[in-house]
Amino acid sequence: MATECKGGGQEEVFCLRDVLDAFRLCLDERGEVLLEEYAQGWRGLIKFMNSLGTMFSFISSDAVSKLDILEAYRTGPHADRYRSLQTMARFELEAGDLVAASRRVPPSGCRTFLRLHRALLWLRLFLERLRTSGENDRPSTMCSEAYDRSLSEHHPWIVRQASSVAFRLLPTRSAFFEVMHVGAEEQVVAMLGEAVPAIEKVYDVSQAVYTEHNMLDLP
Ligand SMILES: CCCCCCCCCCCCC/C=C/[C@@H](O)[C@H](COP(=O)(O)O)NC(=O)CCCCCCCCCCCCCCC
């Protein structure tokens with residue numbers, strides 16, 4: 001049974017159900033990662049981060065700028081080639097030197113997506129930890145542990161410092177669950193139990209595309 005979001009239907013209210021639906025829908029029947037739905041999932045997550053306060057805005061503005069780059073490609077003159085991660089990769093690889101294209105402004109779509117893809121690993125680790133957490137566990141600790149196992153190796157020292165300051169400002173587990181607008185704790189845990197495998201699938205398919213085309217280190 002679908003859990004209703006309890007945000008009164010306002011646009012800006014985060015709802016984990018919407019995020020879950022977007023990540024589910026972003027894998028089509030052929031296993032392609034659809035860029036529109038993928039971006040929708042991220043925009044939902046950004047809503048959540050914004051609702052936690054302005055101290056996270058340096059993170060959300062970076063994510064938004066990457067989503068805007070992808071959106072411009074997706075709706076631009078080569079829109080048909082930017083339908084999915086796979087069509088985008090084929091197109092940008094055929095176009096020539098992808099490393100050089102990743103250093104240009106705006107950078108390539110594959111390079112831009114890769115930054116979000118790395119962040120998706122953080123999200124999958126964090127949500128799985130949150131799902132199995134106990135009453136006294138702290139989101140700040142779970143978040144920073146997930147970060148250390150994923151994104152941190154790709155970030156320079158200054159970003160790692162800023163992130164660790166931001167993590168310390170995260171609310172308690174119960175306040176965190178409340179902002180998720182899913183309902184009682186059991187419902188949050190149940191929905192995380194659906195969200196994590198959906199996100200894992202998308203992550204694994206994307207990772208396979210980057211590995212196959214040797215694109216995991218795009219600058
Ligand atoms: C809820 C707590 C939110 C914690 C977010 C954890 C992720 C920490 C990422 C820190 C990024 C800092 C900003 C700067 C990033 C860039 O340097 C860096 C590299 O880009 P460049 O190669 O173009 O320079 N960018 C990135 O790595 C992309 C980061 C994208 C982060 C998106 C984070 C969205 C988080 C959504 C939280 C949702 C929680 C959901 C719970 C139900």
Side-chain angles (χ1 to χ4, degrees), residues 3 5 7 13-20 22-23 38-70 99 102-131 133 138-173 175-183 185 187-196 198-199 216-219:
T3 308
C5 287
V13 170
F14 167 80
C15 174
L16 185 61
R17 161 66 53 191
D18 293 346
V19 170
L20 171 58
F23 280 113
Y38 188 86
Q40 240 168 45
W42 275 112
R43 291 203 193 265
L45 290 164
I46 289 163
K47 256 190 220 173
F48 177 79
M49 215 168 30
N50 289 340
S51 70
L52 292 177
T54 52
M55 56 280 189
F56 300 99
S57 54
F58 77 103
I59 303 175
S60 56
S61 66
D62 182 73
V64 166
S65 77
K66 289 175 169 54
L67 291 168
D68 289 346
I69 292 171
L70 287 177
V99 170
S102 298
R103 292 202 170 103
R104 277 200 286 272
V105 179
S108 68
C110 287
R111 180 264 184 218
T112 305
F113 185 103
L114 177 62
R115 299 309 189 265
L116 295 168
H117 170 64
R118 289 171 177 166
L120 201 64
L121 177 58
W122 162 79
L123 182 72
R124 114 184 221 183
L125 295 171
F126 174 59
L127 294 186
E128 176 56 14
R129 186 64 193 81
L130 195 60
R131 186 182 74 81
S133 63
R138 299 167 54 83
S140 54
T141 311
M142 299 182 241
C143 190
S144 96
E145 283 171 3
Y147 179 79
D148 289 344
R149 292 174 56 203
S150 56
L151 271 176
S152 77
E153 66 172 296
H154 303 290
H155 287 165
W157 182 85
I158 185 76
V159 172
R160 292 204 302 269
Q161 294 307 305
S163 302
S164 80
V165 171
F167 297 158
R168 270 180 250 139
L169 301 170
L170 286 172
T172 60
R173 180 175 175 273
F176 201 88
F177 278 5
E178 204 151 301
V179 191
M180 288 166 81
H181 292 114
V182 171
E185 177 171 336
Q187 286 170 289
V188 177
V189 171
M191 196 170 296
L192 286 173
E194 292 183 64
V196 173
I199 289 168
L216 282 164
D217 295 315
L218 288 178

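In each ligand, atom 1 is the first atom listed, and ligand 1 is the first ligand listed. All figures in this text were calculated on a predicted structure; none of them were measured in a lab.
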A.B. asks: Contact between Tyr147 and His155 at the side-chain level, heavy atoms closer than 4.5 Å - yes or no?
C.D. replies: yes
A.B. asks: From the options His155, Arg111, Met49, select the one whose nearest heavy atom is closest to atom 21 (P) of ligand 1.
C.D. replies: Arg111
A.B. asks: Does ligand 1 have any atom that is closer than 4.0 Å to a heavy atom of His154?
C.D. replies: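 For ligand 1, residue contact (heavy atoms, under 4.0 Å) with His154 is absent.
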A.B. asks: Would you mind telling me if ligand 1 is within reach of the side chain of Leu127, the backbone, both or neither, using heavy atoms under 4.0 Å?
C.D. replies: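 Only the side chain of Leu127 comes within reach of ligand 1.
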A.B. asks: Which option out of Thr112, Ile59, Leu20 puts a heavy atom nearest to atom 31 (C) of ligand 1?
C.D. replies: Ile59
A.B. asks: Between His117 and Phe113, what is the ring plane arrangement, given parallel below 30°, perpendicular above 60°, and tilted in between?
C.D. replies: parallel
A.B. asks: With a 4.5 Å limit on heavy-atom distance, are the side chains of Val179 and Phe48 in contact?
C.D. replies: yes
A.B. asks: Considering only non-hydrogen protein atoms, determine which one is nearest to atom 10 (C) of ligand 1 and report residue, atom name and distance to 0.1 Å.
C.D. replies: Ser163 OG, 3.5 Å
A.B. asks: Working to the nearest 0.5 angstrom, can you tell me the gap between Ser57 OG and Ile46 CD1?
C.D. replies: 12.0 Å
A.B. asks: Do His154 and Arg115 come within less than 4.5 Å of each other through their side chains, counting heavy atoms only?
C.D. replies: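 Contact flag for His154/Arg115 side chains = no.
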A.B. asks: Heavy atoms only: which of Trp122, Phe176, Phe167, Phe126 lies closest to atom 37 (C) of ligand 1?
C.D. replies: Trp122
A.B. asks: So which protein heavy atom does atom 38 (C) of ligand 1 come closest to, and at what separation?
C.D. replies: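 Answer, as residue, atom name and distance: Leu45 CD2, 3.7 Å.
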A.B. asks: Kindly determine whether Leu125 and Arg129 satisfy side chain to side chain contact (heavy atoms under 4.5 Å, CB included), including the steps that lead there.
C.D. replies: CA-CA 6 Å; Leu125 295 171; Arg129 186 64 193 81; over 6 Å; no
A.B. asks: Around atom 20 (O) of ligand 1, find the nearest protein heavy atom and jot down its residue, atom name and distance.
C.D. replies: Lys66 NZ, 3.2 Å
A.B. asks: Drop me the distance from Gln187's CD to Met180's CE, to the nearest 0.5 angstrom.
C.D. replies: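 If we round to the nearest 0.5 Å, Gln187:CD and Met180:CE are 11.5 Å apart.
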A.B. asks: Provide the number and element of each atom of ligand 1 under 4.0 Å from a heavy atom of Arg115.
C.D. replies: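 This gives 22 (O), 28 (C) as the contact atoms.
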A.B. asks: Out of Met142, Met180, Lys47, indicate the one that has the non-hydrogen atom closest to atom 42 (C) of ligand 1.
C.D. replies: Met180
A.B. asks: Among protein heavy atoms, which lies nearest atom 7 (C) of ligand 1, and at what distance?
C.D. replies: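 Minimum-distance protein heavy atom for atom 7 (C) of ligand 1 reads Leu151 CD1, 3.9 Å.
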A.B. asks: Give me the nearest non-hydrogen protein atom to atom 30 (C) of ligand 1 as residue plus atom name, then the distance to 0.1 Å.
C.D. replies: Ala119 CB, 3.9 Å
A.B. asks: Would you mind checking if Glu145 and Arg138 are paired as a salt bridge, meaning a charged N to carboxylate O distance below 4.0 Å?
C.D. replies: no
A.B. asks: Do Leu70 and Trp42 come within less than 4.5 Å of each other through their side chains, counting heavy atoms only?
C.D. replies: no
A.B. asks: Less than 4.0 Å is my threshold; does some heavy atom of Phe56 fall inside it relative to ligand 1?
C.D. replies: no
A.B. asks: Quick test: of every protein heavy atom, which one is nearest to atom 2 (C) of ligand 1, and how far off is it to 0.1 Å?
C.D. replies: Leu170 CD2, 3.7 Å
A.B. asks: So, 4.0 Å and heavy atoms of Ile46: is ligand 1 close enough to count as a contact?
C.D. replies: no
A.B. asks: In ligand 1, which numbered atoms sit nearer than 4.0 Å to a non-hydrogen atom of Trp42?
C.D. replies: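 Listed by number with element, the hits are 32 (C), 34 (C).
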A.B. asks: Taking the six-membered ring for Trp, are Phe176 and Phe126 ring centroids under 6.0 Å apart?
C.D. replies: yes
A.B. asks: Measure the shortest side-chain to side-chain distance between Trp122 and Cys143 over non-hydrogen atoms and say whether it is less than 4.5 angstrom.
C.D. replies: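 A side-chain contact under 4.5 Å exists here.
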A.B. asks: Looking at atom 39 (C) of ligand 1, what's its closest protein heavy atom, distance included?
C.D. replies: Phe48 CD2, 3.7 Å
A.B. asks: Does any part of the side chain of Leu192, heavy atoms only, come nearer than 4.5 Å to the side chain of Leu16, both counted from C-beta?
C.D. replies: yes
A.B. asks: Nearest heavy atom to atom 17 (O) of ligand 1 wins, so pick from Val159, Leu169, Leu130.
C.D. replies: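 Heavy atom nearest to atom 17 (O) of ligand 1 belongs to Val159.
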A.B. asks: Taking the non-hydrogen atoms of Arg118, is any one of them nearer than 4.0 angstrom to ligand 1?
C.D. replies: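 Outside the 4.0 Å threshold, so no.
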A.B. asks: Heavy atoms only: give me the nearest Arg168-Ser140 pair and the separation to one decimal.
C.D. replies: CA-CB, 4.2 Å
A.B. asks: Can you list the atoms of ligand 1 that are under 4.0 Å from a heavy atom of Phe58?
C.D. replies: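 Taking each heavy atom of Phe58 in turn, ligand 1 has 12 (C), 13 (C) under 4.0 Å.
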A.B. asks: Measure the distance from atom 25 (N) of ligand 1 to every protein heavy atom, then report the residue, atom name and distance (to 0.1 Å) of the closest one.
C.D. replies: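 Heavy-atom neighbour on the protein nearest atom 25 (N) of ligand 1: Asp62 OD2, 2.8 Å.
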